[in-house]
Amino acid sequence: MSDEISQAEQQFKAGYAALVGRPNVGKSTLMNALLRQKISITTPKPQTTRHRILGILNRNSSQTIFLDTPGLIDPRYELQRFMVEQIHQAVADADIAIVMTEVTDLKIPDELVNGIKQQGIACLLVLNKCDLINRNEALPVIESFHEKNIYDEIIPVSALRSEGIDELEKTIEQYLPYHPPYYPPDIVSEHPERFFVAELIREQIFIRYAQEVPYSTTVTILEFKEQEGKKDVIRAEIVVDRESQKPILIGKGGKKLKELGIAAREQIELFLERPVYLELFVKARDKWRDDENWLKRLGYHA
Ligand SMILES: Nc1nc2c(ncn2[C@@H]2O[C@H](COP(=O)(O)OP(=O)(O)OP(=O)(O)O)[C@@H](O)[C@H]2O)c(=O)[nH]1
Ligand SMILES: [Mg+2]
């Protein structure tokens with residue numbers, strides 16, 4: 001190996017950056033903006049993300065592995081306890097914590113920030129949704145955080161409009177440790193395709209249904225069959241946590257489920273870049289959200 005190559009290798013930076021904050025602040029939107037592609041589902045409803053979702057940003061001289069996490073809440077049932085655990089695991093794995101808040105609603109979970117500071121890793125604050133205010137309104141907010149002296153950097157962005165993303169990326173790179181890449185340069189995530197397919201169906205449920213339905217629903221893939229020269233066949237089960245929710249999901253004469261299937265299929269085809277045949281089934285699993293065994297069987301395990 002020539003000296004030149006080994007020097008380039010020595011100067012390579014790689015590390016894990018956990019995106020954390022309250023629900024709905026735009027963590028998943030920001031990860032997608034940083035990766036320049038949609039990896040994590042985003043909806044206007046809080047508590048959309050349930051798992052720690054890994055997205056890899058490859059650059060010539062660095063690799064950042066982002067960990068998108070669920071929003072921090074006080075857990076009330078087993079699924080939410082799993083979600084909170086995902087946040088703590090992401091922070092424990094991280095070299096950099098990116099704490100996110102909305103610039104118009106500065107709620108930051110103190111306990112989370114204290115944990116990050118105790119861990120001694122870099123702690124960046126991202127003020128998101130800056131498109132909702134004037135530029136000069138952001139300055140006093142940034143200034144007040146500087147005075148508190150908690151965060152290593154304070155970065156205003158609009159994840160939705162991809163504004164401030166290049167600056168954020170450069171800042172993150174500065175804080176990455178020197179380390180060889182953890183993943184090969186051509187992969188963006190490590191979850192299997194069927195995980196993303198289930199997430200895209202769940203995203204449409206969050207968008208299309210009100211009140212408790214999205215929160216009491218999960219999606220599992222029963223079959224994912226790739227066929228040479230023919231459309232892939234995907235059969236997915238939508239699990240609700242009581243029988244009475246089935247008719248709400250299905251709608252009169254199956255209309256709502258059919259619309260859901262069409263919308264989800266469009267998103268899945270965009271993601272997979274190939275046509276698919278999608279079949280949806282609805283099943284009630286009594287109180288699955290509070291049942292450790294069901295949670296494990298439905299994919300909510302470490
Ligand atoms: N105006 C504006 N809206 C944004 C911005 N970033 C995200 N949003 C919106 O905020 C909502 C929540 O975005 P998500 O990315 O799902 O938020 P999250 O923090 O991942 O939410 P959870 O997974 O529920 O914790 C969506 O409707 C987004 O379109 C932004 O920069 N500006
Ligand atoms: Mg999210």
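Index from 1, following the sequence. As the structure lists them, so they are numbered: ligands from 1, and atoms in each ligand from 1.
A salt bridge does not link D291 with R285: every distance from a Lys NZ or Arg NE/NH1/NH2 to an Asp or Glu carboxylate oxygen is 4.0 Å or more. Salt-bridge check for R36 with D166: passed, with a basic side-chain N closer than 4.0 Å to an acidic carboxylate O. Salt-bridge formation is detected for the pair K129/E102: a Lys NZ or Arg NE/NH1/NH2 atom is positioned less than 4.0 Å from an Asp or Glu carboxylate oxygen. Ionic pairing of E78 and R81 is present here: one or more N-O contacts between side-chain nitrogen and carboxylate oxygen are shorter than 4.0 angstrom. A salt bridge does not link K283 with E243: none of the charged nitrogens is closer than 4.0 Å to a carboxylate oxygen.
Looking from atom 21 (O) of ligand 1 to the surrounding protein, the closest heavy atom is N24 N, 3.0 Å. For atom 26 (C) of ligand 1, the closest non-hydrogen atom of the protein is T43 O, 3.4 Å. Nearest protein heavy-atom neighbour of atom 18 (P) of ligand 1: K27 N, 3.5 Å. Among all non-hydrogen protein atoms, the one lying nearest atom 29 (O) of ligand 1 is L160 CD1, 3.6 Å. In this structure, the protein non-hydrogen atom closest to atom 27 (O) of ligand 1 is P44 CA, 3.3 Å. Looking only at heavy atoms of the protein, atom 17 (O) of ligand 1 is closest to G26 N, 3.1 Å. For atom 6 (N) of ligand 1, the nearest non-hydrogen atom of the protein is N128 ND2, 3.2 Å. The nearest heavy-atom contact from the protein to atom 9 (C) of ligand 1 is K129 NZ, 3.9 Å.
Residue side and main chain included, T69 places no N/O/S atom under 2.8 Å of the Mg ion (ligand 2). The Mg ion (ligand 2) has an N, O or S atom of T49 inside 2.8 Å of it.
For the pair R161 and ligand 1, the shortest N or O to N or O distance does not fall below 3.5 Å. The distance criterion of under 3.5 Å between nitrogen or oxygen atoms is met by A159 with respect to ligand 1. Polar contact check, D68 against ligand 1: no nitrogen or oxygen pair lies under 3.5 Å apart. Remark: ligand 1 and R22 share no N or O pair separated by less than 3.5 Å (distance only, no angle test). Considering both main-chain and side-chain atoms, V25 comes within under 3.5 Å of ligand 1 through a nitrogen or oxygen pair.
Within a 6.0 Å radius of CZ in R242, other residues, nucleotides and ligands contribute more than 12 heavy atoms.
Only one option out of D68, T69, T48 pairs with S28 in a side-chain hydrogen bond (donor to acceptor under 3.5 Å, both in side chains); it is D68.
The proximity of V157 to ligand 1, defined as any non-hydrogen pair under 4.0 Å, does not occur for either the backbone or the side chain.
Around atom 15 (O) of ligand 1, the closest heavy atom drawn from T29, I207, L72, V20 belongs to T29.
Taking every non-hydrogen atom of D131 and a distance limit under 4.0 Å, the qualifying atoms of ligand 1 come out as 1 (N), 2 (C), 30 (C), 31 (O), 32 (N). The atoms of ligand 1 that sit less than 4.0 Å from any heavy atom of P46 are 24 (O). Atoms of ligand 1 lying under 4.0 Å from any heavy atom of G71, numbered from 1 in the order shown and given with element: 25 (O).
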Take I268 and L278 through the test side chain to side chain contact (heavy atoms under 4.5 Å, CB included) and record every step on the way to the result. CA-CA 9 Å; I268 293 165; L278 176 68; 4.0 Å; yes
Evaluate D241 against D286 for side chain to side chain contact (heavy atoms under 4.5 Å, CB included), listing each step before the verdict. CA-CA 5 Å; D241 81 344; D286 204 34; over 6 Å; no
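The cationic atom of K256 (NZ for Lys, CZ for Arg) lies less than 6.0 Å from the six-membered ring centre of Y209 and within 45° of the ring axis.
Proximity of the aromatic rings of Y16 and F66 is defined here by a centroid distance below 6.0 angstrom, and this criterion is not met.
Between W288 and Y300, the ring-plane angle classifies as parallel under the 30° and 60° cut-offs.
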